Every structure is written in structure tokens, then in C-alpha cells.
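Everything on this sheet refers to the single structure shown next.
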There are 2 protein chains.
Amino acid sequence: MSSTTRVPQEERTRVMRHRLLEATVDCLVEVGFARTSTTLVSQRAGVSRGAQLHHFPTKNDLVLAAVEHLTRLRGDELAAAADKLPTGERRTRAVLRMLGDHFASPVFTAALELWVAARTDPGLLEAVGPLEQRVGRETHRLTVDLLGIDESQPGNRELVQATLDLVRGLGLADTISDDARRRGRILDRWADQLDGSIATSTRADSAARASTRADSAKKEKK
Amino acid sequence: MSSTTRVPQEERTRVMRHRLLEATVDCLVEVGFARTSTTLVSQRAGVSRGAQLHHFPTKNDLVLAAVEHLTRLRGDELAAAADKLPTGERRTRAVLRMLGDHFASPVFTAALELWVAARTDPGLLEAVGPLEQRVGRETHRLTVDLLGIDESQPGNRELVQATLDLVRGLGLADTISDDARRRGRILDRWADQLDGSIATSTRADSAARASTRADSAKKEKK
DNA sequence: GCAAAAAAAGACAGGCTTGACTGTTTGTTG
DNA sequence: CAACAAACAGTCAAGCCTGTCTTTTTTTGC
């Protein structure tokens with residue numbers, strides 16, 4: 001009875017792999033990397049163990065694919081959040097809050113699990129390292145664009161890096177003691193700090209500042 | 001016969017437990033929490049499995065004791081580093097570098113492993129949570145004291161918190177891509193930021209502020 | 001339609017970890 | 001010094017995880 005619904009194999013493969021990768025990320029968030037067993041993933045994905053092994057012969061294959069998947073997820077989430085940013089006053093605060101929220105989201109938690117696991121797993125590190133570096137660079141550039149910062153000014157680059165390391169630290173703290181209010185206060189304070197410092201060192205021209213903001217604000221809306 | 005060397009049982013117990021806890025911390029750093037098996041710990045400690053099970057009946061008992069041990073270690077290391085700090089010029093830089101070094105040290109790495117593991121382990125979280133909170137408070141106080149910050153001034157408390165979250169983020173980044181130079185640059189920049197901000201918000205004395213700025217302008221050549 | 005290939009399902013063995021259990025040595029107490 | 005308790009040593013079974021293997025179903029090419 002092949003009369004029910006004919007699904008092309010390409011589509012089936014795509015769906016299966018996607019379900020497995022999503023389940024893997026879910027497991028990373030919910031039970032951590034250590035307890036994320038292949039059996040658990042297949043159960044959560046609603047995929048038979050045989051099918052799983054067919055698409056990802058080894059656990060390493062699955063995890064490596066999950067790393068790439070997660071990298072894509074993080075990029076998308078950041079871009080989407082950046083699109084929703086308001087323009088105008090308190091731009092810096094909004095940007096920082098957006099970053100803070102991202103580094104407290106489940107995708108960051110999953111990335112953290114992989115991050116920590118990769119430290120003592122050479123094979124995983126080989127995959128996580130470069131990708132994390134790429135995400136880091138992209139996030140850096142995004143932040144620079146969103147805030148309209150002139151990196152040619154000495155010290156500004158370090159200031160952006162510090163900001164990103166700060167939100168990373170906040171994200172880490174958030175994983176075991178979620179305190180959004182504390183995070184908000186700290187980020188607001190840092191935004192003031194940034195505004196004061198950046199204003200005096202780079203943006204003498206407020207018109208250019210406004211245009212940069214408007215420009216980076218309107219990304220295509222897919 | 002008691003001809004060899006008489007060792008009191010209390011001392012034996014103390015030594016055994018200490019060796020096991022040290023080995024546990026070592027394993028956390030070298031292979032991570034996930035692969036830290038009781039067998040591995042007993043091997044590394046040079047303690048028989050039976051003896052281990054005698055002192056720590058379950059793995060949970062061992063890990064919980066290791067958490068406390070590690071907390072003590074971190075406190076001691078911080079206090080020791082604080083004592084060695086130079087006084088006088090560039091105080092802020094020295095303090096930040098000290099914090100940065102601590103959050104890039106093996107004890108922090110071990111704590112990070114427990115931290116991440118605790119997120120998905122209720123029993124562990126129950127032990128790690130309060131202790132981490134305590135260490136956090138102590139570190140905060142230490143930083144405030146070392147930098148001579150007046151927390152009654154609005155915003156200063158958040159600035160110290162941001163500083164600690166920053167070094168935490170730097171420590172996390174350090175675990176998979178050790179880049180001490182980058183860390184140094186960022187912390188120096190942050191120190192300048194702190195000096196400028198704290199000066200204006202707590203010390204109305206503009207002479208102190210000017211000297212601080214002149215100080216931060218000339219980079220050290222190490 | 002039919003054969004071949006891909007996809008999916010599930011059983012099975014080998015390796016590792018944990019904690020219970022039994023036996024041995026060493027220190028303490030009367 | 002004798003009895004008791006604590007410390008120490010090592011074996012064993014149960015459970016889980018991974019990856020191989022065989023079997024069944026579905027899709028594709030002819």
C-alpha cells in the first residue's frame with residue numbers, strides 16, 4: 001500500500017536529520033552534554049535507533065553536525081533580534097540588552113555545554129574552535145555596526161571585546177542563578193559607560209552617528 | 001607489628017581524604033566532569049577503590065566534598081594573590097590582572113566544570129549554588145576593598161559587578177582559546193575605564209583624576 | 001510492475017561505571 | 001595483650017552506552 005503519501009527520499013532525509021539535530025540541542029539544554037546519549041536523542045526525536053545510526057553512523061558525527069546546526073541557530077537568532085531593535089534614544093541600552101538576552105538564551109546554554117565539553121575533547125574542539133571563532137567575529141562586527149563605533153580609534157576595539165566578554169560572563173552566571181534584573185542593571189550601567197566613552201573618542205559628528213544607526217538598523221526582512 | 005611507623009587514624013583519614021579531593025580536582029581540570037569516574041580518581045590518588053568507598057560511600061559524596069574543597073582553594077588563592085599585589089601607581093591594572101589570572105587558573109576551570117554540571121544536576125546545584133554565591137560575595141568585597149571603591153555612590157556597585165562578570169567571561173573564553181595578550185589588553189582598557197569613571201563619581205578631587213588619566217595613558221612595556 | 005538501492009527498525013555484544021560485598025591490615029581501648 | 005573498631009584492598013554483578021549486524025519497509029530507475 002504505497003498509496004498513502006509518497007515522500008521523496010531527499011525530503012525524508014532532510015526532515016530526519018533536522019529532527020535529530022533539534023533533539024540533540026534540546027538534550028544539551030535539558031540534561032547537559034554528559035547525559036546526552038544517542039539513545040536519548042533518538043527517543044526525543046521520535047526516530048528509531050536504526051534510522052539515527054543510518055544518518056549519523058557515530059555519535060561524533062551527530063555531535064559535529066549539531067555544532068554546525070547550533071552555530072546557524074545562533075547566527076539567525078542574533079540577526080533576528082538585531083532586526084527588531086528600536087532606533088533613536090537609548091540605542092546603546094537596547095543593543096546591550098539584546099546581547100544580554102541572547103547570551104542567556106537556550107541556544108547559548110547549548111553552546112556553553114559544547115564549549116566546556118570541547119575543552120577536554122580534541123575532536124570536538126577541532127570543530128567547535130573555528131566555528132566559535134567565526135561566531136565571535138560576526139558578533140563583534142554586528143555589535144560594532146549596531147553601535148556605530150569607529151574602531152580605528154585606539155581603545156575602541158578593546159571596549160567592544162570587553163562588552164562581548166561581559167555578556168558572556170553574564171550568560172554564564174545566568175545558567176545557574178537566573179537574575180534578569182541584576183543583568184539589566186549592570187548592562188544599563190555599562191551602556192552609560194560606553195556612551196560616555198565612545199562619544200568623546202569617536203563620534204564628534206552626531207549626524208554621521210544617526211545615519212550609521214539607521215543604516216544598520218534596516219536589514220532585509222527575509 | 002607496630003614497628004614501622006605509627007600513624008594516628010585521624011591523620012590517616014585526613015591524608016586519604018585530602019589526596020582523593022586533590023585527585024578529583026585534577027581530574028576535573030584534565031578530563032572534565034563527565035569523564036571523572038570514581039575509578040579514575042582512585043587511580044590518580046593512588047588510593048585503592050575500597051579505601052575510596054570507605055571515605056566517600058557514593059560518588060555524590062565525593063563530588064560534594066570536592067566542591068567544598070575547591071571553594072576553599074579558590075578563596076585561598078585569591079587571598080594569596082591579593083597579598084602579593086603592589087601598591088601605589090597602576091593599582092587598578094594590577095588588581096584587574098590579578099582577577100583575570102585567577103579566572104584563568106586551573107581552580108576556576110575546575111569550578112567551571114562543576115558549575116556547568118550543576119546546571120542539570122539538582123543535587124549538585126544544591127551544593128554549588130550557595131557556595132558559589134558566597135565566593136561571589138567575597139570576591140566582590142575583596143575587589144571593592146582592593147580598589148577602594150565607594151559603593152554608596154550610585155552606579156559603582158554595578159560597575160564592580162560588571163568587572164567580575166567580565167573576568168568570568170574572559171575566563172570562559174580562555175578555557176578553549178588561551179590568549180593572555182588579548183586578555184591583558186582588554187583588562188587594561190577596562191582599568192582605564194574604571195579609573196576614569198570611579199574618579200568622577202567618588203573622588204571630587206580632580207587632581208587624583210588627572211593623575212589617574214596620565215597614568216593610564218602611558219602603557220607599560222612589560 | 002519489478003528489481004535494486006536507500007531508509008528505517010530493532011536486536012545484540014563489548015566496554016565502562018557504579019556501588020555492594022567479602023576479606024585483610026592497622027590502630028585503639030580495657 | 002586481647003578484643004574491638006576503623007581503615008584498607010579487591011572482586012563482582014547490574015545497568016547503561018555505543019556501534020555492528022540483520023531484517024523489514026519505502027522509494028526510485030527501468
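Worth knowing before you read on, the calculation uses all heavy atoms, side chains too, and leaves out hydrogens, waters and symmetry mates. Note that the structure is predicted; figures quoted are calculated from it, not measured. Protein chains get the first letters and strands the later ones, always in sequence-line order, with residue 1 at the start of each.
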Does any residue of residues 50-67 of chain A have a heavy atom under 4.0 Å from DNA chain C, and if so, which ones, in number order? G50(A), A51(A), H54(A), H55(A)
To the nearest 10°, let me know how far the axis at one end of the helix from dG1(C)-dC30(D) to dG30(C)-dC1(D) is tilted from the axis at the other, five pairs an end. 10°
Quick one: which of dA7(D), dA7(C), dT18(D) gets closest to the side chain of R12(A)? dA7(C)
Let me know the distance between CZ of R49(B) and P of dT17(C), rounded to the nearest Å. 10 Å
Could you go over nucleotides 22-25 of chain D and give all protein N or O partners under 3.5 Å, atom names and distances?
none

R19(A) side chain to A45(A) backbone, donor-acceptor under 3.5 Å: yes
Any pair counted as salt bridge (Lys or Arg N to Asp or Glu O under 4.0 Å), so long as it reaches residues 159-180 of chain A, sequence neighbours left out: D165(A)-R168(A), D165(A)-R182(B), D174(A)-R183(A)
Taking only residues two or more places apart in sequence, or in another chain, which ones meet R14(B) in a side chain to side chain donor-acceptor pair (under 3.5 Å)? E11(B)
Distance-only criterion, 3.5 Å: show the donor-acceptor pairs between side-chain atoms of residues 105-112 of chain B and protein atoms not counting sequence neighbours.
unit_1  : atom_1 : unit_2  : atom_2 : d
S105(B) : OG     : E77(B)  : OE2    : 3.1
S105(B) : OG     : H102(B) : O      : 2.7
T109(B) : OG1    : S105(B) : O      : 3.2

Run the ring pair (Phe, Tyr, Trp, His ring centres under 6.0 Å) test against H18(A) and tell me which residues pass, sequence neighbours left out. H69(A)
What pairs of donor and acceptor atoms, side-chain ones from residues 57-67 of chain B against any protein atom, are under 3.5 angstrom apart with sequence neighbours left out?
unit_1 : atom_1 : unit_2 : atom_2 : d
T58(B) : OG1    : N60(B) : N      : 2.8
K59(B) : NZ     : T36(B) : O      : 3.2
D61(B) : OD2    : T58(B) : N      : 3.3

For T175(A), the side chain to side chain donor-acceptor pair (under 3.5 Å) test, sequence neighbours excluded, returns W115(B)
Using modelled atom types and a 3.5 Å cut-off, is there a donor and acceptor pairing between side-chain atoms of R35(B) and backbone atoms of E30(B)? no
Residues in residues 15-48 of chain A with a heavy atom under 4.0 Å of DNA chain C, by number, are M16(A), S48(A)
Could you list the residues that satisfy salt bridge (Lys or Arg N to Asp or Glu O under 4.0 Å) with R119(A), not counting sequence neighbours? E113(B)
Give the intermediate values and the outcome of side-chain contact (heavy atoms from CB on, under 4.5 Å) for residues T71(B) and E132(B). CA-CA 8 Å; T71(B) 305; E132(B) 191 64 34; over 6 Å; no
Quick one: does any side-chain atom of R189(B) pair with a main-chain N or O of L159(A) as donor and acceptor, under 3.5 Å? no
Any donor-acceptor pair under 3.5 Å linking the side chain of R91(B) with the backbone of P86(B)? yes
Check salt bridge (Lys or Arg N to Asp or Glu O under 4.0 Å) between R134(A) and all other residues, then give those that pass, not counting sequence neighbours. E138(A)
